[in-house]
Amino acid sequence: VLSCSCLPDLREDDNPPCMAENKQDIERQCNVLKSDKFKVCHSLVNPDDFVEVCIYDMCQYDGMKAALCDIVQVYVDTCKDHGITIKWRNSTFCPLPCPSRSHYEDCVSACPSTCSDIFASSLCEKTEDCIEGCECDDNYVLSKGQCVPLSSCGCTDDDNNYYGVSSLWNKSLSSK
């Protein structure tokens, strides 16, 4: 006969240190997950546990907004795993910072257009739905992680090797 006994839980209290005046505001912020914006997912993913974790984390980190945004992102990702897509970010609620000459979109191609492949986003195999992220502004494409004007891109040769504008300029000078 196998016998098991549990050891006492010696971990610190599960209630994070939250100032009374902060706790109400933190609860209000975390309860955004129970709002109409997320309602479409409530029958598939109960927001209560997420709200509880949000309150704990925000109390633990003194109301840090990143804790709120992180748990909302986890909830939205869990909803997406159940086939529900929720558009939730905006310029005032958990904005995603984007580099210059780009902007946030809730649905961008996983294969962005680049100088070496300007048609990448339209030819990309649609193995997954789109993802949220930053997208280069019109007439800009990625080059070395930066959005640059299409006019700054180089070209490819017959073997599909890409040459940036500066390397083309250097080649033409050295061949003279």
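In this chain, numbering begins with 1 at the start of the sequence shown.
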Task: Rounded distance (nearest 0.5 Å) linking atom CE of Met58 with atom NZ of Lys65 - done: 5.0 Å
Task: Over 12 foreign heavy atoms within 6.0 Å of CG, Asp62 - done: no
Open item on the list: Less than 4.5 Å apart, side chain to side chain, heavy atoms only: is that true for Pro99 and Cys134?
Closed with: yes
Task: Minimal non-hydrogen separation, Ser102 against Cys98, with atom names - done: OG-CB, 3.4 Å
Task: CG-OG1 distance between Asp77 and Thr85, expressed to the nearest 0.5 angstrom - done: 10.5 Å
Task: Between SG on residue Cys115 and CG on residue Leu150, distance to nearest 0.5 Å - done: 7.0 Å
Task: Nearest-0.5 Å distance, CG of residue Asp57 to CG of residue Asp70 - done: 8.5 Å
TODO: Report the C-alpha separation of Cys94 and Arg89 in whole Å, then their side-chain angles, then the decisive distance to 0.1 Å, and conclude whether the side-chain contact (heavy atoms from CB on, under 4.5 Å) test is met.
DONE: CA-CA 6 Å; Cys94 300; Arg89 289 187 194 269; 3.8 Å; yes
Open item on the list: Determine whether a donor-acceptor pair (N or O, by modelled atom type, separation under 3.5 Å) exists between the side chain of His42 and the backbone of Asp36.
Closed with: no
- [ ] Return yes when atom CG of Asp48 has more than 12 non-hydrogen atoms of other residues, nucleotides or ligands closer than 6.0 Å, and no otherwise.
- [x] yes
Task: 4.5 Å side-chain heavy-atom contact, Leu142 and Cys147 - done: yes
Open item on the list: Please report the interatomic distance CD1(Ile84) to SG(Cys41), rounded to the nearest 0.5 Å.
Closed with: 6.0 Å
- [ ] Tell me, with the steps shown, if Phe93 and Val32 meet side-chain contact (heavy atoms from CB on, under 4.5 Å).
- [x] CA-CA 11 Å; Phe93 185 70; Val32 71; 4.0 Å; yes
Task: side-chain contact (heavy atoms from CB on, under 4.5 Å) between Val72 and Phe38, intermediate numbers included - done: CA-CA 10 Å; Val72 172; Phe38 302 94; 3.8 Å; yes
Task: side chain to side chain donor-acceptor pair (under 3.5 Å) assessment of Glu27 paired with Asn31 - done: CA-CA 6 Å; Glu27 286 175 347; Asn31 277 323; 5.9 Å; no
TODO: Might you work through the salt bridge (Lys or Arg N to Asp or Glu O under 4.0 Å) test for Asp25 and Arg28, ending with a clear yes or no?
DONE: CA-CA 5 Å; Asp25 187 46; Arg28 181 189 55 75; 2.5 Å; yes
Task: Between Gln146 and Arg101: side-chain donor-acceptor atoms closer than 3.5 Å - done: no
- [ ] Fit a plane to each ring of Phe50 and Tyr75, take the angle between them on a 0 to 90° scale, and name the class: parallel (under 30°), tilted (30 to 60°) or perpendicular (over 60°).
- [x] perpendicular
TODO: Starting at SG of Cys54, measure out to CG of Leu68 and round the result to the nearest 0.5 Å.
DONE: 4.5 Å
- [ ] For the pair Glu52 and Ile55, evaluate side-chain contact (heavy atoms from CB on, under 4.5 Å) and give the outcome as yes or no after the intermediate values.
- [x] CA-CA 5 Å; Glu52 203 173 299; Ile55 293 169; 6.0 Å; no
